[in-house]
Amino acid sequence: MKIIVEHVPLEENEVVLRCPELDDEMLRVLSLLRSGMQKLLAWDENRETVLLAISEVIYCETVEEKTFVYAREGMFQTALSLAELEDYWGDLGLFRAGKSSVVNLQEIRKLKNCGAGRIEARLSTGERLIISRHYAPMLREKLGM
């Protein structure tokens with residue numbers, strides 16, 4: 001696939017896909033573009049609705065059947081399950097880290113083996129998140145390790 005980026009004065013960004021047919025590669029590009037434009041609906045402790053870009057999400061966790069989203073701006077709650085978050089935005093970097101957590105791969109700064117097949121991920125915020133032994137091989141594969 002050939003990629004061309006042009007810097008031209010426009011009122012809004014524009015993406016043009018040219019292809020002889022809509023094959024799997026182009027469908028994946030379209031999917032990434034569409035999912036990247038969607039926002040995650042969440043709310044804060046005052047029950048005020050917040051729309052978050054996935055790039056703002058550091059990690060998510062489920063506690064007592066509630067899903068919490070941790071972003072630089074604070075902690076929020078969403079009605080989506082971890083499986084739904086992973087399904088919707090997995091292509092943009094949300095990765096299942098364990099039974100009760102999903103991490104944004106773009107926010108991982110350091111990795112350390114913890115024994116028993118687990119990995120400790122140090123996030124951009126300094127927080128540590130354990131990648132369970134079940135998901136650790138998938139993380140290594142995704143990161144090319």
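Quantities reported herein were computed from a predicted structural model and do not represent experimental measurements.
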message = Looking at R109, I want to see if its CZ is surrounded by more than 12 non-hydrogen atoms of other residues, nucleotides or ligands under 6.0 Å.
response = yes
message = Give me the atom names and distance for the closest heavy-atom approach of R96 to S101.
response = CD-O, 3.2 Å
message = If you count heavy atoms of other groups shown closer than 6.0 angstrom to CD of E73, is the number above 12?
response = yes
Members besides L10 in its Ile/Leu/Val/Met/Phe/Trp/Tyr cluster (side-chain heavy atoms under 4.5 Å) = V8
request  = Answer yes or no: is there a donor N or O on one side and an acceptor on the other, between the side chain of D44 and the main chain of N46, under 3.5 Å?
outcome  = yes
ask   = Taking atom types as modelled, is there a side-chain donor on T125 or R72 under 3.5 Å from an acceptor on the other?
value = no
ask   = Linking I/L/V/M/F/W/Y whenever their side-chain heavy atoms sit closer than 4.5 Å, directly or via other members, would W43 and V50 fall into one cluster?
value = no
Transitive ILVMFWY side-chain link M75 to L123, under 4.5 Å = yes
ask   = If you measure from CG on L129 to CZ on R122, what distance do you get to the nearest 0.5 Å?
value = 12.0 Å
Donor-acceptor list for residues 58-70 side chains, cut-off 3.5 Å, not counting sequence neighbours:
{"unit_1": "Y59", "atom_1": "OH", "unit_2": "E127", "atom_2": "OE1", "d": "2.9"}
{"unit_1": "E61", "atom_1": "OE2", "unit_2": "Y70", "atom_2": "OH", "d": "2.7"}
{"unit_1": "T67", "atom_1": "OG1", "unit_2": "L80", "atom_2": "O", "d": "2.9"}

query = Closest approach of G98 and S132, non-hydrogen atoms and distance?
reply = CA-OG, 4.0 Å
ask   = Which heavy atom in A71 sits nearest to a heavy atom in E56, and how many Å separate them?
value = CB-O, 3.3 Å
ask   = For atom CG of D24, is the number of surrounding heavy atoms from other residues, nucleotides or ligands below 6.0 Å larger than 12?
value = no
query = Side chains of K39 and L52: does their closest heavy-atom pair fall under 4.5 Å?
reply = no
message = Would you compute the distance between atom NZ of K112 and atom CZ of R118 and round it to the nearest 0.5 angstrom?
response = 11.0 Å
query = Tell me, do L17 and V15 make a side-chain contact under 4.5 Å, heavy atoms counted?
reply = yes
query = Does atom CZ of R140 have more than 12 heavy-atom neighbours, drawn from other residues, nucleotides or ligands, at distances under 6.0 Å?
reply = yes
ask   = Going hydrophobic residue to hydrophobic residue with side-chain gaps under 4.5 angstrom, can you get from L143 over to I119?
value = yes
query = R18 and M26: which non-hydrogen atoms are nearest, and at how many Å?
reply = O-CE, 4.3 Å
inquiry  = How close do A136 and G117 get, counting heavy atoms only, and between which atoms?
reply    = CB-O, 3.2 Å
key: Min side-chain heavy-atom separation L40-W89 under 4.5 Å   = yes
ask   = Tell me, do V103 and L94 make a side-chain contact under 4.5 Å, heavy atoms counted?
value = no
query = For the residue pair N104 and V57, what are the closest heavy atoms and their distance?
reply = ND2-O, 2.8 Å
request  = Would you kindly confirm whether F95 and I130 end up in one hydrophobic cluster when ILVMFWY residues are joined by side chain heavy atoms under 4.5 Å apart?
outcome  = no
